[in-house]
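To keep things clear, I will list the structure first and then write my remarks on it.
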Protein chains: 2
Amino acid sequence: MPEVATAVEQAAFVCASRGVQLTELRRQVLRLILEAEAPIGAYALLDKLRGLRAGAAPPTVYRALDFLLEQGLVHKLERLNAYMPCVETGHAHHDGHGHGHDHPHQFLICRKCGATAEICAPAVAAAITEAARAQGFTPGVATVEVEGVCANCA
Amino acid sequence: MPEVATAVEQAAFVCASRGVQLTELRRQVLRLILEAEAPIGAYALLDKLRGLRAGAAPPTVYRALDFLLEQGLVHKLERLNAYMPCVETGHAHHDGHGHGHDHPHQFLICRKCGATAEICAPAVAAAITEAARAQGFTPGVATVEVEGVCANCA
DNA sequence: GCCATGGCGATACGATATAACCTGGGATGA
DNA sequence: TCATCCCAGGTTATATCGTATCGCCATGGC
Ligand SMILES: [Zn+2]
Ligand SMILES: [Zn+2]
Ligand SMILES: [Zn+2]
Ligand SMILES: [Zn+2]
(Lines give C-alpha, C1' and ligand atoms only; values in the text may rest on other atoms or scores of the structure.)
(Ligands and ions follow the chains in the order given, each with its own letter.)
Protein backbone atom coordinates (compact mmCIF):
# COMPACT_ATOMS: atom_id res chain seq x y z
CA MET A 1 0.00 0.00 0.00
CA PRO A 2 2.12 2.90 -1.17
CA GLU A 3 -0.66 5.37 -0.39
CA VAL A 4 -0.38 4.37 3.28
CA ALA A 5 3.27 5.36 3.35
CA THR A 6 2.41 8.64 1.63
CA ALA A 7 -0.30 9.41 4.16
CA VAL A 8 2.08 8.68 7.04
CA GLU A 9 4.67 11.03 5.56
CA GLN A 10 2.07 13.75 5.13
CA ALA A 11 1.06 13.27 8.75
CA ALA A 12 4.70 13.52 9.82
CA PHE A 13 5.00 16.77 7.90
CA VAL A 14 1.85 18.19 9.49
CA CYS A 15 3.09 17.24 12.96
CA ALA A 16 6.51 18.73 12.35
CA SER A 17 4.97 21.98 11.19
CA ARG A 18 2.97 22.11 14.43
CA GLY A 19 5.93 21.32 16.62
CA VAL A 20 4.54 18.01 17.87
CA GLN A 21 6.16 14.62 17.52
CA LEU A 22 4.81 11.78 15.42
CA THR A 23 6.81 9.19 17.32
CA GLU A 24 7.41 5.63 16.20
CA LEU A 25 4.51 4.33 18.32
CA ARG A 26 2.11 6.93 16.97
CA ARG A 27 3.32 6.26 13.47
CA GLN A 28 2.70 2.54 13.90
CA VAL A 29 -0.83 3.09 15.21
CA LEU A 30 -1.62 5.53 12.42
CA ARG A 31 -0.32 3.05 9.89
CA LEU A 32 -2.49 0.28 11.32
CA ILE A 33 -5.56 2.52 11.11
CA LEU A 34 -4.70 3.46 7.54
CA GLU A 35 -4.23 -0.17 6.59
CA ALA A 36 -7.57 -1.25 8.04
CA GLU A 37 -10.30 -1.43 5.45
CA ALA A 38 -12.97 -0.19 7.81
CA PRO A 39 -13.10 1.63 11.13
CA ILE A 40 -11.13 -0.39 13.66
CA GLY A 41 -11.69 -0.76 17.40
CA ALA A 42 -9.11 0.01 20.04
CA TYR A 43 -8.60 -3.61 21.05
CA ALA A 44 -8.34 -4.88 17.48
CA LEU A 45 -5.70 -2.21 17.06
CA LEU A 46 -4.02 -3.43 20.22
CA ASP A 47 -3.91 -7.00 18.89
CA LYS A 48 -2.24 -5.84 15.69
CA LEU A 49 0.10 -3.53 17.56
CA ARG A 50 1.33 -6.46 19.63
CA GLY A 51 2.77 -7.88 16.46
CA LEU A 52 5.04 -4.85 16.40
CA ARG A 53 5.52 -4.18 20.13
CA ALA A 54 5.37 -7.16 22.44
CA GLY A 55 4.40 -5.35 25.63
CA ALA A 56 1.61 -3.18 24.28
CA ALA A 57 -1.24 -2.59 26.75
CA PRO A 58 -4.49 -0.60 26.53
CA PRO A 59 -2.88 2.70 27.58
CA THR A 60 -0.34 2.26 24.81
CA VAL A 61 -2.96 2.38 22.10
CA TYR A 62 -5.26 4.87 23.84
CA ARG A 63 -2.45 7.37 24.31
CA ALA A 64 -1.55 7.12 20.67
CA LEU A 65 -5.23 7.48 19.72
CA ASP A 66 -5.60 10.55 21.93
CA PHE A 67 -2.69 12.16 20.17
CA LEU A 68 -3.95 11.29 16.69
CA LEU A 69 -7.46 12.51 17.55
CA GLU A 70 -6.13 15.78 18.98
CA GLN A 71 -4.13 16.39 15.84
CA GLY A 72 -7.14 15.58 13.68
CA LEU A 73 -5.30 12.75 11.95
CA VAL A 74 -7.97 10.20 12.83
CA HIS A 75 -11.65 10.34 13.77
CA LYS A 76 -13.72 8.31 16.18
CA LEU A 77 -16.98 6.79 15.01
CA GLU A 78 -19.26 7.04 18.03
CA ARG A 79 -21.79 4.51 16.77
CA LEU A 80 -19.07 1.91 16.27
CA ASN A 81 -16.58 2.79 18.99
CA ALA A 82 -13.98 2.60 16.26
CA TYR A 83 -11.40 4.79 14.58
CA MET A 84 -10.58 5.70 10.99
CA PRO A 85 -8.15 8.03 9.26
CA CYS A 86 -9.09 11.60 8.39
CA VAL A 87 -9.26 12.02 4.65
CA GLU A 88 -8.24 15.66 4.89
CA THR A 89 -4.77 15.03 6.27
CA GLY A 90 -2.16 16.86 4.29
CA HIS A 91 -4.56 18.93 2.25
CA ALA A 92 -2.36 21.94 2.88
CA HIS A 93 -3.76 23.69 -0.18
CA HIS A 94 -7.12 23.87 1.52
CA ASP A 95 -7.97 26.53 4.01
CA GLY A 96 -11.18 28.14 5.26
CA HIS A 97 -13.48 25.97 7.33
CA GLY A 98 -10.75 24.28 9.30
CA HIS A 99 -9.36 21.55 7.08
CA GLY A 100 -6.92 19.19 8.68
CA HIS A 101 -7.87 19.95 12.28
CA ASP A 102 -11.31 19.98 13.84
CA HIS A 103 -13.10 20.45 10.52
CA PRO A 104 -16.82 19.78 10.05
CA HIS A 105 -17.39 16.31 8.71
CA GLN A 106 -19.98 13.58 8.38
CA PHE A 107 -19.73 9.84 8.04
CA LEU A 108 -21.61 7.38 5.83
CA ILE A 109 -21.52 3.88 7.32
CA CYS A 110 -22.58 0.94 5.12
CA ARG A 111 -24.64 -1.58 7.05
CA LYS A 112 -23.76 -4.36 4.58
CA CYS A 113 -20.00 -4.14 4.18
CA GLY A 114 -19.01 -1.80 6.99
CA ALA A 115 -17.20 0.56 4.64
CA THR A 116 -17.28 4.07 6.03
CA ALA A 117 -16.75 7.27 4.10
CA GLU A 118 -15.95 10.67 5.51
CA ILE A 119 -17.61 13.49 3.62
CA CYS A 120 -17.67 17.23 4.06
CA ALA A 121 -21.09 18.70 3.33
CA PRO A 122 -21.25 22.40 4.22
CA ALA A 123 -25.01 22.39 3.66
CA VAL A 124 -25.41 19.84 6.47
CA ALA A 125 -23.24 21.85 8.83
CA ALA A 126 -25.15 25.01 7.97
CA ALA A 127 -28.54 23.37 8.55
CA ILE A 128 -27.38 22.07 11.93
CA THR A 129 -26.05 25.46 12.99
CA GLU A 130 -29.28 27.13 12.03
CA ALA A 131 -31.47 24.55 13.77
CA ALA A 132 -29.41 24.82 16.95
CA ARG A 133 -29.45 28.63 16.99
CA ALA A 134 -33.22 28.57 16.54
CA GLN A 135 -33.33 26.89 19.98
CA GLY A 136 -30.99 29.44 21.55
CA PHE A 137 -28.24 26.82 21.50
CA THR A 138 -24.67 27.73 20.57
CA PRO A 139 -23.37 24.81 18.54
CA GLY A 140 -19.85 23.41 18.74
CA VAL A 141 -18.71 20.13 17.23
CA ALA A 142 -21.49 18.12 15.58
CA THR A 143 -21.38 14.33 15.34
CA VAL A 144 -23.13 13.16 12.16
CA GLU A 145 -23.08 9.45 11.37
CA VAL A 146 -25.46 8.04 8.78
CA GLU A 147 -26.17 4.35 8.59
CA GLY A 148 -27.26 3.06 5.19
CA VAL A 149 -26.13 1.17 2.09
CA CYS A 150 -23.12 2.21 0.04
CA ALA A 151 -22.97 2.44 -3.74
CA ASN A 152 -21.07 -0.86 -4.06
CA CYS A 153 -23.58 -2.83 -2.02
CA ALA A 154 -26.72 -1.31 -3.54
CA MET B 1 -43.96 14.26 38.76
CA PRO B 2 -47.41 13.77 37.30
CA GLU B 3 -46.09 14.21 33.75
CA VAL B 4 -43.95 11.10 34.25
CA ALA B 5 -47.01 9.02 35.05
CA THR B 6 -48.77 10.47 32.04
CA ALA B 7 -45.88 9.63 29.76
CA VAL B 8 -45.77 6.07 31.09
CA GLU B 9 -49.49 5.68 30.43
CA GLN B 10 -49.09 7.02 26.91
CA ALA B 11 -46.28 4.53 26.36
CA ALA B 12 -48.47 1.73 27.66
CA PHE B 13 -51.18 2.77 25.21
CA VAL B 14 -48.73 2.86 22.30
CA CYS B 15 -47.41 -0.59 23.22
CA ALA B 16 -50.90 -2.04 23.57
CA SER B 17 -51.86 -0.70 20.16
CA ARG B 18 -48.81 -2.43 18.67
CA GLY B 19 -49.47 -5.72 20.42
CA VAL B 20 -46.30 -5.62 22.51
CA GLN B 21 -46.08 -5.72 26.28
CA LEU B 22 -44.88 -2.87 28.44
CA THR B 23 -44.12 -5.18 31.35
CA GLU B 24 -43.51 -4.06 34.91
CA LEU B 25 -39.73 -4.16 34.44
CA ARG B 26 -39.88 -2.12 31.23
CA ARG B 27 -42.26 0.30 32.86
CA GLN B 28 -39.88 0.75 35.79
CA VAL B 29 -36.91 1.41 33.53
CA LEU B 30 -38.89 3.85 31.40
CA ARG B 31 -40.00 5.66 34.54
CA LEU B 32 -36.41 5.94 35.79
CA ILE B 33 -35.32 7.40 32.45
CA LEU B 34 -38.21 9.85 32.50
CA GLU B 35 -37.37 10.91 36.05
CA ALA B 36 -33.70 11.55 35.24
CA GLU B 37 -32.94 15.19 34.51
CA ALA B 38 -30.35 14.39 31.88
CA PRO B 39 -29.39 11.38 29.79
CA ILE B 40 -28.64 8.51 32.14
CA GLY B 41 -26.15 5.69 31.72
CA ALA B 42 -27.04 2.01 31.83
CA TYR B 43 -25.21 1.38 35.10
CA ALA B 44 -26.65 4.43 36.83
CA LEU B 45 -30.00 3.08 35.75
CA LEU B 46 -29.05 -0.29 37.14
CA ASP B 47 -28.21 1.26 40.53
CA LYS B 48 -31.59 2.94 40.70
CA LEU B 49 -33.39 -0.16 39.47
CA ARG B 50 -31.87 -2.14 42.33
CA GLY B 51 -33.97 -0.01 44.68
CA LEU B 52 -37.00 -1.60 43.02
CA ARG B 53 -35.69 -5.07 42.14
CA ALA B 54 -33.05 -6.55 44.38
CA GLY B 55 -31.48 -8.99 41.93
CA ALA B 56 -31.14 -6.70 38.91
CA ALA B 57 -28.05 -7.35 36.79
CA PRO B 58 -26.68 -5.74 33.61
CA PRO B 59 -28.77 -7.91 31.26
CA THR B 60 -31.89 -6.86 33.16
CA VAL B 61 -31.44 -3.22 32.26
CA TYR B 62 -29.99 -3.81 28.78
CA ARG B 63 -32.91 -6.01 27.77
CA ALA B 64 -35.37 -3.39 28.91
CA LEU B 65 -33.39 -0.73 27.06
CA ASP B 66 -33.40 -2.84 23.89
CA PHE B 67 -37.16 -3.04 24.04
CA LEU B 68 -37.65 0.66 24.72
CA LEU B 69 -35.22 1.57 21.93
CA GLU B 70 -36.96 -0.75 19.47
CA GLN B 71 -40.29 0.80 20.30
CA GLY B 72 -38.85 4.29 19.92
CA LEU B 73 -39.76 5.19 23.50
CA VAL B 74 -36.21 6.14 24.39
CA HIS B 75 -33.12 7.19 22.46
CA LYS B 76 -29.46 6.43 22.97
CA LEU B 77 -26.92 9.25 22.91
CA GLU B 78 -23.86 7.73 21.28
CA ARG B 79 -21.47 10.41 22.44
CA LEU B 80 -22.50 9.89 26.06
CA ASN B 81 -23.38 6.20 26.16
CA ALA B 82 -26.57 7.30 27.87
CA TYR B 83 -30.32 7.15 27.34
CA MET B 84 -33.16 9.66 27.39
CA PRO B 85 -36.89 9.57 26.69
CA CYS B 86 -38.28 10.33 23.27
CA VAL B 87 -40.25 13.56 23.33
CA GLU B 88 -42.58 12.34 20.58
CA THR B 89 -44.11 9.46 22.52
CA GLY B 90 -47.85 9.57 22.41
CA HIS B 91 -48.14 12.31 19.83
CA ALA B 92 -50.85 10.32 18.09
CA HIS B 93 -52.20 13.43 16.41
CA HIS B 94 -48.96 13.72 14.47
CA ASP B 95 -48.31 11.75 11.35
CA GLY B 96 -46.07 12.14 8.32
CA HIS B 97 -42.36 11.77 8.90
CA GLY B 98 -42.57 8.92 11.33
CA HIS B 99 -43.46 10.40 14.69
CA GLY B 100 -43.32 8.05 17.63
CA HIS B 101 -41.21 5.34 16.00
CA ASP B 102 -37.90 5.71 14.19
CA HIS B 103 -38.45 9.38 13.40
CA PRO B 104 -35.67 11.72 12.32
CA HIS B 105 -34.25 13.61 15.25
CA GLN B 106 -31.22 15.51 16.45
CA PHE B 107 -29.80 16.18 19.88
CA LEU B 108 -28.35 19.33 21.39
CA ILE B 109 -26.05 18.49 24.31
CA CYS B 110 -24.95 21.29 26.65
CA ARG B 111 -21.31 20.96 27.64
CA LYS B 112 -21.87 23.04 30.79
CA CYS B 113 -24.95 21.57 32.42
CA GLY B 114 -25.43 18.32 30.49
CA ALA B 115 -29.00 19.16 29.58
CA THR B 116 -29.90 17.51 26.32
CA ALA B 117 -32.74 18.48 24.01
CA GLU B 118 -34.24 16.39 21.25
CA ILE B 119 -35.24 18.44 18.26
CA CYS B 120 -36.76 17.61 14.90
CA ALA B 121 -35.28 19.72 12.11
CA PRO B 122 -36.49 18.53 8.70
CA ALA B 123 -33.96 20.81 7.00
CA VAL B 124 -31.12 18.91 8.67
CA ALA B 125 -32.55 15.55 7.67
CA ALA B 126 -33.04 16.78 4.11
CA ALA B 127 -29.49 18.11 3.84
CA ILE B 128 -28.11 14.79 5.10
CA THR B 129 -30.22 12.78 2.68
CA GLU B 130 -29.09 14.92 -0.21
CA ALA B 131 -25.41 14.80 0.75
CA ALA B 132 -25.56 11.01 1.12
CA ARG B 133 -27.35 10.47 -2.21
CA ALA B 134 -24.75 12.65 -3.92
CA GLN B 135 -22.23 9.93 -2.95
CA GLY B 136 -24.44 7.11 -4.23
CA PHE B 137 -25.23 6.21 -0.62
CA THR B 138 -28.75 5.22 0.42
CA PRO B 139 -29.26 6.77 3.83
CA GLY B 140 -31.08 5.14 6.73
CA VAL B 141 -31.04 6.35 10.30
CA ALA B 142 -28.81 9.38 10.92
CA THR B 143 -27.17 10.05 14.28
CA VAL B 144 -26.86 13.80 14.85
CA GLU B 145 -25.52 14.97 18.19
CA VAL B 146 -24.38 18.56 18.61
CA GLU B 147 -22.20 19.55 21.53
CA GLY B 148 -22.44 23.20 22.56
CA VAL B 149 -23.90 25.59 25.13
CA CYS B 150 -27.61 25.77 25.92
CA ALA B 151 -29.66 28.94 26.25
CA ASN B 152 -29.68 28.77 30.05
CA CYS B 153 -25.91 28.48 30.34
CA ALA B 154 -25.02 31.10 27.72
C1' DG C 1 24.71 18.59 37.72
C1' DC C 2 19.67 19.70 38.28
C1' DC C 3 15.18 19.92 37.06
C1' DA C 4 11.08 20.17 33.92
C1' DT C 5 8.99 17.91 30.20
C1' DG C 6 7.26 14.34 27.39
C1' DG C 7 6.96 9.54 25.77
C1' DC C 8 5.81 5.28 27.16
C1' DG C 9 6.14 0.52 29.78
C1' DA C 10 3.33 -1.70 33.34
C1' DT C 11 -0.48 -2.74 36.67
C1' DA C 12 -4.80 -2.10 38.13
C1' DC C 13 -9.33 -0.67 37.89
C1' DG C 14 -13.88 1.19 36.29
C1' DA C 15 -17.52 1.50 32.85
C1' DT C 16 -20.09 -0.37 29.06
C1' DA C 17 -22.17 -4.24 26.77
C1' DT C 18 -23.12 -9.09 25.46
C1' DA C 19 -23.04 -14.36 25.54
C1' DA C 20 -24.79 -18.46 27.26
C1' DC C 21 -27.79 -20.97 29.92
C1' DC C 22 -31.76 -21.74 32.61
C1' DT C 23 -36.57 -21.09 34.72
C1' DG C 24 -41.33 -20.13 34.80
C1' DG C 25 -45.75 -18.61 32.90
C1' DG C 26 -49.14 -18.04 29.43
C1' DA C 27 -50.90 -19.16 24.75
C1' DT C 28 -51.77 -22.71 21.40
C1' DG C 29 -53.43 -26.71 19.67
C1' DA C 30 -53.83 -31.90 19.55
C1' DT D 1 -55.15 -32.80 29.84
C1' DC D 2 -50.88 -32.44 28.19
C1' DA D 3 -47.13 -31.46 24.98
C1' DT D 4 -45.24 -27.62 22.85
C1' DC D 5 -43.80 -23.13 21.92
C1' DC D 6 -42.67 -18.43 22.80
C1' DC D 7 -41.33 -14.81 25.59
C1' DA D 8 -39.79 -12.36 29.78
C1' DG D 9 -36.44 -12.32 32.72
C1' DG D 10 -33.02 -14.35 36.39
C1' DT D 11 -28.02 -15.87 36.78
C1' DT D 12 -23.25 -16.21 35.81
C1' DA D 13 -19.49 -15.15 33.28
C1' DT D 14 -16.97 -12.69 29.90
C1' DA D 15 -15.86 -9.39 26.22
C1' DT D 16 -15.00 -4.73 25.07
C1' DC D 17 -14.01 0.03 25.96
C1' DG D 18 -11.62 3.44 28.55
C1' DT D 19 -8.80 5.62 32.80
C1' DA D 20 -5.91 6.26 36.76
C1' DT D 21 -1.59 5.91 38.48
C1' DC D 22 3.12 4.79 39.11
C1' DG D 23 7.58 4.88 37.55
C1' DC D 24 11.50 4.79 34.19
C1' DC D 25 14.22 7.05 30.84
C1' DA D 26 15.73 10.42 27.33
C1' DT D 27 15.99 15.23 26.04
C1' DG D 28 16.82 19.92 26.63
C1' DG D 29 17.25 24.27 29.09
C1' DC D 30 19.44 26.42 33.36
ZN1 LIG E 1 -11.51 14.48 8.71
ZN1 LIG F 1 -21.29 -1.48 1.42
ZN1 LIG G 1 -37.67 10.91 19.61
ZN1 LIG H 1 -26.58 24.21 29.82
Side-chain angles (χ1 to χ4, degrees), chain A residues 11-12 15-16 18-33 36 38-71 73-84 114 143 145, chain B residues 11-12 15-16 18-33 36 38-71 73-84 114 143 145:
Chain A
C15 288
R18 289 180 190 155
V20 296
Q21 304 175 50
L22 188 66
T23 62
E24 181 58 21
L25 169 63
R26 293 163 177 175
R27 203 179 270 258
Q28 287 171 338
V29 171
L30 176 58
R31 171 175 282 272
L32 290 173
I33 293 170
I40 182 171
Y43 278 62
L45 219 36
L46 179 55
D47 284 345
K48 290 184 187 295
L49 187 60
R50 282 180 168 145
L52 305 170
R53 315 194 142 224
T60 311
V61 68
Y62 278 108
R63 280 193 293 236
L65 285 171
D66 286 345
F67 173 86
L68 297 170
L69 289 167
E70 270 170 21
Q71 298 303 319
L73 299 171
V74 309
H75 295 299
K76 176 175 182 183
L77 283 292
E78 299 288 348
R79 287 178 65 117
L80 306 177
N81 289 318
Y83 304 84
M84 68 179 296
T143 298
E145 300 177 8
Chain B
C15 288
R18 290 180 190 155
V20 296
Q21 304 175 50
L22 188 67
T23 63
E24 183 58 19
L25 170 62
R26 292 163 178 175
R27 201 180 272 256
Q28 287 170 339
V29 171
L30 176 58
R31 171 176 281 274
L32 290 173
I33 293 170
I40 183 171
Y43 279 65
L45 220 36
L46 178 55
D47 284 345
K48 290 184 187 295
L49 187 60
R50 282 179 169 146
L52 305 170
R53 317 196 139 222
T60 311
V61 67
Y62 279 105
R63 282 195 287 239
L65 284 171
D66 285 346
F67 174 86
L68 297 170
L69 289 167
E70 271 170 21
Q71 298 302 319
L73 298 171
V74 309
H75 296 298
K76 176 175 182 182
L77 292 145
E78 300 289 347
R79 288 178 66 114
L80 307 177
N81 290 317
Y83 306 83
M84 69 180 293
T143 299
E145 299 177 9

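In this text, all values refer to a predicted model and were calculated from it rather than measured experimentally. Values below: all heavy atoms of this structure, side chains included; hydrogens, waters and symmetry mates excluded. Every chain is numbered from 1, with letters handed out A, B, ... down the list of sequences.
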Original post:
Counting any heavy atom closer than 4.0 Å, what does A/Y83 reach on the DNA or RNA strands: base, sugar-phosphate only, or nothing?
Top reply: sugar-phosphate
Subject >> Any B/Y43 side-chain nitrogen or oxygen under 4.0 Å from OP1 or OP2 of C/dA15 >> reply: no
Original post:
Which nucleotide in the list C/dC8, C/dA17, D/dT11 gets nearest to the side chain of A/R63?
Top reply: C/dC8
**OP:** Mind checking A/R26 for me? I need base, sugar-phosphate or nothing, with any heavy atom below 4.0 Å counting as a touch.
**Re:** sugar-phosphate
Subject >> Atom-to-atom span, CG of A/L46 to P of C/dT11 - whole angstrom >> reply: 14 Å
Original post:
Roughly how many Å is it from CD in B/Q21 to P in D/dC7, rounded to a whole number?
Top reply: 10 Å
**OP:** Could you tell me whether a side-chain N or O of B/R53 sits under 3.5 Å from a main-chain N or O of B/Q28, the two making a donor and an acceptor?
**Re:** no
Subject >> Over all atoms of both residues, closest heavy-atom pair of A/G41 and A/A82 >> reply: N-CB, 4.0 Å
**OP:** Look at the side chain of A/R53 and decide which nucleotide, out of D/dG9, C/dC8, C/dG9, has an atom nearest to it.
**Re:** C/dG9
**OP:** Rounded off to whole Å, could you give me the CZ-to-P distance for the B/R79 and D/dC17 pair?
**Re:** 19 Å
**OP:** Please lay out, stage by stage, how B/L22 and B/Q71 fare under the test side-chain contact (heavy atoms from CB on, under 4.5 Å).
**Re:** CA-CA 10 Å; B/L22 188 67; B/Q71 298 302 319; over 6 Å; no
**OP:** Specify the separation, in whole Å, of atom CD of B/E78 and atom P of D/dT16.
**Re:** 18 Å
Subject >> A/P59 side chain, from C-beta outward: closest of D/dG10, D/dA20, C/dT16 >> reply: D/dA20
Subject >> Interatomic distance where CD belongs to A/E24 and P belongs to C/dC8 [whole Å] >> reply: 9 Å
Subject >> D/dG18 phosphate, OP1 or OP2, under 4.0 Å from A/N81 side-chain N/O >> reply: yes
Subject >> Nucleotide C/dG7, atom C1' - distance to CG of A/D66 in whole Å >> reply: 13 Å
Original post:
Hey, does the side chain of B/K76 come within less than 4.0 Å of C/dT16's phosphate (OP1/OP2), counting only N and O?
Top reply: no
Original post:
Nearest of C/dG9, C/dA10, D/dG18 to any side-chain atom of A/L25?
Top reply: C/dG9
**OP:** Quick one: do A/L49 and A/L25 satisfy side-chain contact (heavy atoms from CB on, under 4.5 Å)? Show the steps, please.
**Re:** CA-CA 9 Å; A/L49 187 60; A/L25 169 63; 4.0 Å; yes
**OP:** Mind calculating the distance between CD1 (A/I40) and P (D/dG18) to the nearest angstrom?
**Re:** 13 Å
**OP:** Considering non-hydrogen atoms only, spot the tightest contact between A/Y83 and A/I33 and give its length.
**Re:** O-CG2, 4.1 Å
Subject >> Distance in angstrom units between B/L80 CG and D/dG18 P, rounded >> reply: 13 Å
**OP:** Using a cut-off of strictly less than 4.0 Å, decide whether A/T60 has a side-chain nitrogen or oxygen near OP1 or OP2 of C/dG9.
**Re:** yes
Original post:
Where the side chain of A/A57 is defined as all heavy atoms beyond and including C-beta, which of C/dG7, C/dT16, C/dT11 is the nearest nucleotide?
Top reply: C/dT11
